[in-house]
Amino acid sequence: QQQVKQSPQSLIVQKGGISIINCAYENTAFDYFPWYQQFPGKGPALLIAIRPDVSEKKEGRFTISFNKSAKQFSLHIMDSQPGDSATYFCAAVPINAGNMLTFGGGTRLMVKP
Amino acid sequence: DVKVTQSSRYLVKRTGEKVFLECVQDMDHENMFWYRQDPGLGLRLIYFSYDVKMKEKGDIPEGYSVSREKKERFSLILESASTNQTSMYLCASRGDRPSNEQFFGPGTRLTVL
(Lines give C-alpha, C1' and ligand atoms only; values in the text may rest on other atoms or scores of the structure.)
Protein backbone atom coordinates (compact mmCIF):
# COMPACT_ATOMS: atom_id res chain seq x y z
CA GLN A 1 0.00 0.00 0.00
CA GLN A 2 1.62 3.20 -1.16
CA GLN A 3 1.44 6.04 1.33
CA VAL A 4 1.99 8.60 -1.42
CA LYS A 5 -0.06 8.14 -4.59
CA GLN A 6 1.15 9.85 -7.73
CA SER A 7 -0.60 10.41 -11.06
CA PRO A 8 -0.39 10.15 -13.97
CA GLN A 9 2.19 7.40 -14.55
CA SER A 10 3.13 8.96 -17.86
CA LEU A 11 2.54 12.31 -19.49
CA ILE A 12 3.15 13.73 -22.94
CA VAL A 13 3.17 17.51 -23.35
CA GLN A 14 3.95 19.77 -26.27
CA LYS A 15 6.84 22.19 -25.98
CA GLY A 16 5.61 25.37 -24.32
CA GLY A 17 2.72 23.65 -22.58
CA ILE A 18 2.08 23.14 -18.88
CA SER A 19 2.91 19.81 -17.27
CA ILE A 20 0.94 18.92 -14.15
CA ILE A 21 1.71 16.00 -11.85
CA ASN A 22 -0.43 15.25 -8.82
CA CYS A 23 0.23 13.52 -5.52
CA ALA A 24 -1.97 12.59 -2.58
CA TYR A 25 -1.10 11.32 0.87
CA GLU A 26 -2.88 9.98 3.94
CA ASN A 27 -0.37 10.34 6.75
CA THR A 28 -0.93 13.68 8.51
CA ALA A 29 2.50 13.36 10.14
CA PHE A 30 4.18 14.27 6.86
CA ASP A 31 5.61 17.77 7.05
CA TYR A 32 8.06 18.08 4.17
CA PHE A 33 7.23 17.41 0.53
CA PRO A 34 10.08 17.30 -2.00
CA TRP A 35 9.99 16.59 -5.71
CA TYR A 36 12.86 14.71 -7.33
CA GLN A 37 13.77 14.67 -11.01
CA GLN A 38 15.51 11.71 -12.61
CA PHE A 39 17.11 11.63 -16.06
CA PRO A 40 17.86 8.29 -17.75
CA GLY A 41 21.00 6.69 -16.37
CA LYS A 42 21.16 9.06 -13.42
CA GLY A 43 19.99 9.01 -9.85
CA PRO A 44 17.14 11.28 -8.74
CA ALA A 45 18.03 14.85 -7.79
CA LEU A 46 16.08 17.28 -5.65
CA LEU A 47 14.11 19.71 -7.80
CA ILE A 48 11.95 21.71 -5.40
CA ALA A 49 10.37 21.18 -1.98
CA ILE A 50 7.64 22.66 0.20
CA ARG A 51 6.52 22.61 3.82
CA PRO A 52 2.78 22.65 4.67
CA ASP A 53 2.83 26.12 6.19
CA VAL A 54 2.68 27.62 2.66
CA SER A 55 0.27 26.85 -0.19
CA GLU A 56 2.63 27.49 -3.07
CA LYS A 57 6.32 27.61 -3.85
CA LYS A 58 7.80 28.75 -7.13
CA GLU A 59 11.31 28.32 -8.48
CA GLY A 60 11.70 29.44 -12.06
CA ARG A 61 9.32 27.45 -14.25
CA PHE A 62 8.58 24.94 -11.47
CA THR A 63 5.77 25.48 -8.95
CA ILE A 64 4.49 23.29 -6.14
CA SER A 65 0.87 23.82 -5.11
CA PHE A 66 -0.07 22.41 -1.72
CA ASN A 67 -3.57 21.77 -0.34
CA LYS A 68 -3.24 20.72 3.29
CA SER A 69 -6.95 20.08 3.90
CA ALA A 70 -7.21 17.82 0.86
CA LYS A 71 -3.81 16.22 1.57
CA GLN A 72 -2.76 16.82 -2.00
CA PHE A 73 0.12 18.54 -3.70
CA SER A 74 1.11 19.01 -7.30
CA LEU A 75 4.01 20.03 -9.50
CA HIS A 76 3.42 22.45 -12.34
CA ILE A 77 6.04 22.91 -15.04
CA MET A 78 5.34 26.05 -17.03
CA ASP A 79 6.60 26.49 -20.60
CA SER A 80 7.69 22.83 -20.68
CA GLN A 81 10.86 22.14 -22.66
CA PRO A 82 12.23 18.94 -24.23
CA GLY A 83 15.04 19.13 -21.66
CA ASP A 84 12.40 18.64 -18.93
CA SER A 85 11.75 15.12 -20.23
CA ALA A 86 12.51 12.93 -17.23
CA THR A 87 10.85 10.91 -14.51
CA TYR A 88 9.46 12.94 -11.61
CA PHE A 89 8.88 11.61 -8.12
CA CYS A 90 6.93 13.29 -5.37
CA ALA A 91 7.86 12.34 -1.83
CA ALA A 92 6.93 13.01 1.77
CA VAL A 93 8.88 13.07 5.03
CA PRO A 94 7.34 12.74 8.52
CA ILE A 95 7.93 15.18 11.36
CA ASN A 96 11.17 14.37 13.24
CA ALA A 97 11.97 11.48 10.91
CA GLY A 98 14.09 13.12 8.26
CA ASN A 99 15.48 9.81 7.05
CA MET A 100 12.10 8.24 6.27
CA LEU A 101 11.47 9.52 2.77
CA THR A 102 8.36 7.96 1.16
CA PHE A 103 8.17 8.24 -2.62
CA GLY A 104 5.27 8.23 -5.02
CA GLY A 105 5.29 5.83 -7.95
CA GLY A 106 6.79 8.29 -10.42
CA THR A 107 5.65 10.07 -13.59
CA ARG A 108 7.50 9.73 -16.84
CA LEU A 109 7.24 13.07 -18.65
CA MET A 110 7.95 13.48 -22.34
CA VAL A 111 7.95 16.97 -23.81
CA LYS A 112 7.59 16.90 -27.59
CA PRO A 113 9.43 19.54 -29.64
CA ASP B 1 30.70 18.96 -5.93
CA VAL B 2 28.64 16.40 -4.10
CA LYS B 3 29.30 12.85 -5.16
CA VAL B 4 27.81 9.44 -4.45
CA THR B 5 29.35 6.58 -6.38
CA GLN B 6 28.21 2.99 -6.75
CA SER B 7 30.59 0.15 -7.53
CA SER B 8 28.81 -1.19 -10.60
CA ARG B 9 26.32 0.18 -13.14
CA TYR B 10 25.22 -3.29 -14.27
CA LEU B 11 25.45 -6.63 -12.52
CA VAL B 12 24.23 -10.09 -13.52
CA LYS B 13 24.11 -12.83 -10.89
CA ARG B 14 22.63 -16.28 -10.55
CA THR B 15 19.97 -17.38 -8.10
CA GLY B 16 21.48 -18.28 -4.75
CA GLU B 17 24.64 -16.21 -5.17
CA LYS B 18 25.76 -13.75 -2.51
CA VAL B 19 25.78 -10.23 -3.91
CA PHE B 20 27.55 -7.13 -2.61
CA LEU B 21 26.61 -3.65 -3.75
CA GLU B 22 28.97 -0.90 -2.64
CA CYS B 23 28.32 2.80 -2.20
CA VAL B 24 30.76 5.58 -1.35
CA GLN B 25 30.03 9.24 -0.61
CA ASP B 26 32.53 12.06 -0.34
CA MET B 27 30.40 14.60 1.54
CA ASP B 28 31.11 13.41 5.10
CA HIS B 29 27.37 12.72 5.50
CA GLU B 30 26.11 10.92 8.57
CA ASN B 31 23.14 9.26 6.88
CA MET B 32 23.20 6.76 4.05
CA PHE B 33 20.40 4.84 2.35
CA TRP B 34 19.68 1.94 0.04
CA TYR B 35 16.56 1.98 -2.15
CA ARG B 36 15.25 -0.23 -4.88
CA GLN B 37 13.44 1.32 -7.83
CA ASP B 38 10.78 -0.59 -9.73
CA PRO B 39 8.40 0.74 -12.42
CA GLY B 40 5.18 2.08 -10.95
CA LEU B 41 6.38 1.59 -7.38
CA GLY B 42 8.80 4.48 -7.19
CA LEU B 43 11.70 4.16 -4.78
CA ARG B 44 11.31 1.95 -1.73
CA LEU B 45 13.63 2.18 1.23
CA ILE B 46 15.46 -1.04 2.08
CA TYR B 47 17.79 0.07 4.91
CA PHE B 48 19.42 3.21 6.14
CA SER B 49 22.29 4.04 8.46
CA TYR B 50 22.63 7.16 10.59
CA ASP B 51 26.15 6.43 11.87
CA VAL B 52 29.01 3.99 11.53
CA LYS B 53 27.90 0.47 12.51
CA MET B 54 24.31 1.69 13.01
CA LYS B 55 21.45 0.61 10.78
CA GLU B 56 17.69 0.78 10.62
CA LYS B 57 15.21 -1.22 8.57
CA GLY B 58 13.26 0.57 5.91
CA ASP B 59 10.03 -0.54 4.28
CA ILE B 60 11.31 -3.68 2.51
CA PRO B 61 14.32 -5.14 4.39
CA GLU B 62 13.49 -8.81 3.84
CA GLY B 63 16.20 -10.66 1.94
CA TYR B 64 18.75 -7.87 2.43
CA SER B 65 21.37 -6.88 4.96
CA VAL B 66 23.73 -3.90 5.16
CA SER B 67 27.12 -3.01 6.53
CA ARG B 68 28.64 0.33 7.45
CA GLU B 69 32.17 -0.01 8.77
CA LYS B 70 33.33 3.43 7.65
CA LYS B 71 31.44 6.70 7.47
CA GLU B 72 31.84 7.09 3.73
CA ARG B 73 30.91 3.54 2.73
CA PHE B 74 27.61 1.68 2.90
CA SER B 75 27.18 -1.83 1.52
CA LEU B 76 24.03 -3.70 0.58
CA ILE B 77 24.22 -7.49 0.78
CA LEU B 78 21.91 -10.03 -0.78
CA GLU B 79 22.74 -13.21 1.11
CA SER B 80 21.10 -15.50 -1.44
CA ALA B 81 19.93 -13.66 -4.52
CA SER B 82 16.50 -14.46 -5.93
CA THR B 83 14.87 -13.51 -9.22
CA ASN B 84 12.44 -11.14 -7.46
CA GLN B 85 15.44 -9.06 -6.42
CA THR B 86 16.08 -8.10 -10.02
CA SER B 87 15.81 -4.33 -9.84
CA MET B 88 17.57 -0.97 -9.94
CA TYR B 89 19.35 -0.26 -6.66
CA LEU B 90 20.02 3.31 -5.63
CA CYS B 91 22.27 4.54 -2.85
CA ALA B 92 21.85 7.97 -1.29
CA SER B 93 23.37 10.09 1.45
CA ARG B 94 22.17 13.00 3.54
CA GLY B 95 23.76 15.33 6.02
CA ASP B 96 22.18 16.34 9.29
CA ARG B 97 19.34 18.83 9.52
CA PRO B 98 18.11 21.34 8.55
CA SER B 99 18.45 20.08 4.99
CA ASN B 100 16.44 16.96 4.22
CA GLU B 101 17.94 16.68 0.75
CA GLN B 102 19.19 13.25 -0.20
CA PHE B 103 21.95 12.92 -2.82
CA PHE B 104 21.71 9.86 -5.02
CA GLY B 105 24.21 7.72 -6.84
CA PRO B 106 23.61 6.66 -10.48
CA GLY B 107 22.22 3.26 -9.54
CA THR B 108 23.13 -0.38 -10.10
CA ARG B 109 20.93 -2.44 -12.41
CA LEU B 110 20.97 -5.94 -10.92
CA THR B 111 19.65 -8.91 -12.88
CA VAL B 112 19.28 -12.23 -11.09
CA LEU B 113 18.93 -15.19 -13.44
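Each chain gets a letter, A, B and so on, in the order its sequence line appears, and its residues count up from 1.
- The same ILVMFWY cluster, assembled from side-chain heavy atoms under 4.5 Å apart, contains both A:Phe66 and A:Val54.
- Annotation for B:Leu90 and A:Pro44: closest pair CD1-CD, 3.9 Å, computed over non-hydrogen atoms.
- B:Leu76 and B:Leu11 fall within the same hydrophobic cluster, where Ile, Leu, Val, Met, Phe, Trp and Tyr residues are linked whenever their side-chain heavy atoms come under 4.5 Å apart, directly or through other members.
- Note that the CG atom of A:Leu46 and the CZ atom of B:Arg94 stand 12.0 Å from one another [nearest 0.5 Å].
- In this structure, the portions of B:Leu43 lying under 4.5 Å from any heavy atom of chain A include both its backbone and its side chain.
- More than 12 heavy-atom neighbours from other residues, nucleotides or ligands sit within 6.0 angstrom of CZ on B:Arg44.
- With a 4.5 Å cut-off on non-hydrogen atoms, B:Gln37 touches chain A through its side chain but not through its backbone.
- Residue A:Gln9 places its CD atom among 12 or fewer non-hydrogen atoms of other residues, nucleotides or ligands, all under 6.0 Å distant.
- With a 4.5 Å cut-off on non-hydrogen atoms, B:Arg9 touches chain A through its side chain but not through its backbone.
- The hydrophobic cluster containing B:Phe104 does not contain B:Phe74, counting ILVMFWY residues as joined when their side-chain heavy atoms lie under 4.5 angstrom apart, directly or transitively.
- Cluster membership for B:Ile46 and A:Val93, using ILVMFWY side-chain heavy atoms within less than 4.5 angstrom, is not shared.
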**Request:** For the pair A:Met100 and B:Phe48, evaluate side chain to side chain contact (heavy atoms under 4.5 Å, CB included) and give the outcome as yes or no after the intermediate values.
**Result:** CA-CA 9 Å; A:Met100 298 302 295; B:Phe48 69 94; 3.4 Å; yes
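- To the nearest 0.5 Å, the span separating OH on B:Tyr35 from CZ on A:Phe103 amounts to 5.0 Å.
- For A:Pro34, no part sits under 4.5 Å from any heavy atom of chain B, backbone or side chain.
- Following chains of ILVMFWY side-chain contacts shorter than 4.5 Å, one cannot reach B:Trp34 starting from B:Phe20, and the two form parts of different hydrophobic clusters.
- Of all heavy-atom pairs between A:Asn99 and B:Gln102, the closest is O-NE2, 4.0 Å.
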